[in-house]
Amino acid sequence: MKKITIIGGGASGSLLAANLLRHNKDETLTINLVEKKDRIGRGVAYSTTRDCHLLNVPASKMGAFPEDVEHFYKWLQEKNYAYQPNEFVPRKIYGEYLREVVCSTIVNKAPNVQINIIDDEAVDIALDEQQAQTILKSGEILFSDQVVLAFGNFLPPDPTVENQAFAHSEKYFRNPWNSEFYEKIKADEDVLIVGTGLTMVDVVLNLHASGHRGKIYALSTRGLLPAVHQLGHVYPSFYDELQTQTRITDILKIVRRHIKKAEAEGGNWRGVIDSLRPHTQEIWRNLPDAEKRYFMQHLSRYWNAARHRMPPEAAQILAEMQSRGALEITKGRLRKIEANENGKFDVSYTADGAENQLSIDAIINSIGSQSNFRKLDAPLLVNLLASGTINTDSLRLGLDALPDGRTLNKIGSISQKIFTLGTALKGILWESTAMPEIRVQANRLALDLLEQQSN
Ligand SMILES: Cc1cc2nc3c(=O)[nH]c(=O)nc-3n(C[C@H](O)[C@H](O)[C@H](O)COP(=O)(O)OP(=O)(O)OC[C@H]3O[C@@H](n4cnc5c(N)ncnc54)[C@H](O)[C@@H]3O)c2cc1C
């Protein structure tokens, strides 16, 4: 009899459970799926209730299973949703889909499999020779052969300024994914969004949909907006030129040459970037740490803007707001945020060497999930890092692990009991946070776990 505990029931944890259910053959299997709230399947990304929050991948590519990438699109048709394969569907519908995928695998499960969905938070894991004990906040202990860390996205770090007291203010919102804060922002208030990536786009779209009249500022060190999707640009793979490259500047030269070629042939840089997707993990893994660091420091923001694109309908709204002065995207470095006695924030930032001031009513943190797990106060991470059961990767982008999800402890030993997938593998694989990668990992990890001998 095998027992597997999965910590986190967002897309990664839920799909892993679904794959365990569908792949298990003869062995008696118990799965514990631990998730804090009513988030099974939805997690952080797909719990939104807002129609304006769209997927950033077209419907025909968002299927939950690697052998059927159109599964989501077929589901939309079955449900009579009138979306085309290349459309960007509201994320709340995708959350509905993932929940249904999980529920239907549970309903159709074999009698030798049991799944317990546990509404709790895992706070620690103790290992002995035989098994892993997952300790829950309620005090309950789950005994299992293997544990999978599927904890996904954590809250962003606070913006770094001289005085961090602003972070306690009622009008500073650290969690950009919890839609409840919108009720606390009045329509005529001036808002500062820290960050100019896809989360900022979500926030602006939401304010726009609710008829916000106050000025919206969005600020980041490079002021880069996500590029806009233009579907249909395909470019042949040139991975054979990249696979032996171990220097970022050489890779960049090759990629630029192909972009020029694509454009000369009437194509587009998007096709070139997309042609790298199946190979990004291999390219990353070939790089020495110093090159990865160089990339993080000098290029990652440009890569993110080019790779994580927004749907054209979102871009149109943003452009319209920018043209009438309702939205200002600024390149600058925050220096000071002080909450004053009038209930406002005095914000200063430097841009092109000049100091600028803003008077702001509300601040929304859209910096992006904290990836340095050593800076988190989540009890599970704090305890597992303190005991050396897990370790962060050398770039502190996630956990130290093998590409297949086996984690490494503080002294570099490979764990036979603790595994991970998704965002926690970002430092090891770089491209590991979106559904096209997660569905592959969830499927493969399920097969690997089922293959391992139980105690
Ligand atoms: C706003 C947003 C939009 C996105 N849009 C897209 C998109 O359009 N397309 C795409 O492919 N990708 C998108 N992504 C990427 C996204 O990360 C993945 O698609 C996917 O949702 C990640 O799922 P996850 O389960 O790994 O993480 P999460 O969704 O973060 O789920 C992890 C879950 O673990 C739970 N958890 C954490 N710690 C514990 C604990 N100690 N005990 C119990 N439970 C715990 C949390 O409650 C959480 O629900 C988006 C990401 C974000 C943040």
Side-chain angles (χ1 to χ4, degrees), residues 42 44-56 59 81-83 87-96 155-156 159 166 169-220 223-229 308-332 334 337 339-340 342-347 349 356-368:
R42 296 197 170 102
V44 170
Y46 312 117
S47 291
T48 176
T49 54
R50 313 278 159 148
D51 291 320
C52 61
H53 290 162
L54 304 179
L55 291 174
N56 52 40
Y81 280 114
Y83 290 102
E87 276 191 273
F88 299 91
V89 176
R91 294 206 300 271
K92 68 174 195 185
I93 297 180
Y94 192 72
E96 210 182 290
L155 286 185
F166 77 91
S169 163
E170 272 185 10
K171 285 290 190 95
Y172 164 68
F173 304 104
R174 183 175 168 204
N175 185 351
W177 306 305
N178 177 354
S179 303
E180 283 162 23
F181 74 82
Y182 291 108
E183 320 305 333
K184 298 182 185 154
I185 299 177
K186 295 196 191 105
D188 56 354
E189 288 185 332
D190 290 343
V191 174
L192 171 67
I193 304 172
V194 186
T196 57
L198 286 173
T199 300
M200 176 281 291
V201 174
D202 265 6
V203 173
V204 171
L205 292 179
N206 205 91
L207 290 169
H208 174 265
S210 62
H212 191 78
R213 298 187 304 275
K215 175 112 181 186
I216 304 170
Y217 300 88
L219 180 117
S220 70
L224 288 173
L225 272 180
V228 184
H229 272 295
H308 301 283
R309 293 170 217 150
M310 62 178 145
E313 45 272 61
Q316 252 173 26
I317 294 175
L318 261 68
E320 184 276 322
M321 291 175 76
Q322 280 179 284
S323 70
R324 66 180 156 86
L327 169 67
E328 197 172 305
I329 311 280
T330 304
K331 175 185 170 185
L334 272 173
I337 305 176
N340 67 28
N342 304 322
K344 289 195 157 218
F345 296 101
D346 297 320
V347 174
Y349 66 94
N356 300 273
Q357 319 288 336
L358 294 174
S359 175
I360 292 292
D361 298 289
I363 299 179
I364 302 161
N365 184 338
S366 299
I367 291 175

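With Glu189 as reference, Lys171 is the one residue of Lys344, Lys184, Lys171, Lys215 to meet the salt bridge (Lys or Arg N to Asp or Glu O under 4.0 Å) rule. The side chain to side chain contact (heavy atoms under 4.5 Å, CB included) test with Arg174 is passed by exactly one of Leu155, Ile363, Ile367: Leu155.
More than 12 non-hydrogen atoms from other residues, nucleotides or ligands lie less than 6.0 angstrom from CD of Gln357.
Nearest heavy-atom pair, Gly197 versus Pro226, reported as atom, atom and distance to 0.1 Å: C-CG, 3.7 Å. Minimum interatomic distance between Asn56 and His229 (heavy atoms only, all atoms of both residues): O-NE2, 2.8 Å. The two residues Tyr83 and Pro90 make their nearest non-hydrogen contact at OH-CD, 3.2 Å. Residue Leu55 comes nearest to Tyr46 through the heavy atom pair CD2-CE2, 3.6 Å, listed as atom of the first residue, atom of the second, then distance. Contact between Phe345 and Ala362 at its shortest, heavy atoms only, is CE1-CA, 4.1 Å. The two atoms that bring Pro176 and Ile364 nearest to each other are CB-CG2, 4.3 Å, heavy atoms only.
Take Phe166 and apply the ring-ring contact (aromatic ring centres under 6.0 Å, His included) test, not counting sequence neighbours, and it matches Tyr172.
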Determine, step by step, whether His308 and Val201 satisfy the side-chain contact (heavy atoms from CB on, under 4.5 Å) criterion, reporting the C-alpha distance in whole Å, the side-chain angles of both residues, the deciding distance to 0.1 Å, and the verdict.
CA-CA 12 Å; His308 301 283; Val201 174; over 6 Å; no
Derivation of the side-chain contact (heavy atoms from CB on, under 4.5 Å) call for Leu205 and Leu318:
CA-CA 8 Å; Leu205 292 179; Leu318 261 68; 4.1 Å; yes
Full working for side-chain contact (heavy atoms from CB on, under 4.5 Å) between Asp202 and Asn206
CA-CA 6 Å; Asp202 265 6; Asn206 205 91; over 6 Å; no
Step by step, work out the side-chain contact (heavy atoms from CB on, under 4.5 Å) result for Phe173 and Asn178.
CA-CA 9 Å; Phe173 304 104; Asn178 177 354; over 6 Å; no
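With 3.5 Å as the limit, one finds a donor-acceptor pair spanning the side chains of Thr196 and Ser220. Between the side chains of Tyr81 and Glu87, not a single donor N or O lies within less than 3.5 Å of an accepting N or O.
Atom-to-atom distance recorded for Tyr217:OH and Leu327:CG is 10.5 Å, nearest 0.5 angstrom. Distance check, rounded to the nearest 0.5 Å: CD1 of Ile337 to OG of Ser169 gives 10.0 Å. Distance check: Thr49 OG1 to Glu180 CD gives 9.0 Å after rounding to the nearest 0.5 Å. Between the CH2 atom in Trp177 and the CG atom in Asn365 there is a gap of 8.5 Å [rounded to 0.5 Å]. One distance of note links CG of Asn340 with OG of Ser359; it measures 6.5 Å at 0.5 Å rounding. Of the inter-residue distances, the one linking Ile216 atom CD1 with Glu328 atom CD reads 11.5 Å to the nearest 0.5 angstrom.
A donor-acceptor pair under 3.5 Å is formed between the side chain of Asp361 and the backbone N or O of Asp190. Remark: the backbone N or O of Lys92 is not paired with any side-chain donor or acceptor of His53 at under 3.5 angstrom. A donor-acceptor contact shorter than 3.5 Å is absent between the side chain of Ser47 and the backbone of Val44.
A heavy-atom distance below 4.5 Å is found between the side chains of Ile193 and Val191.
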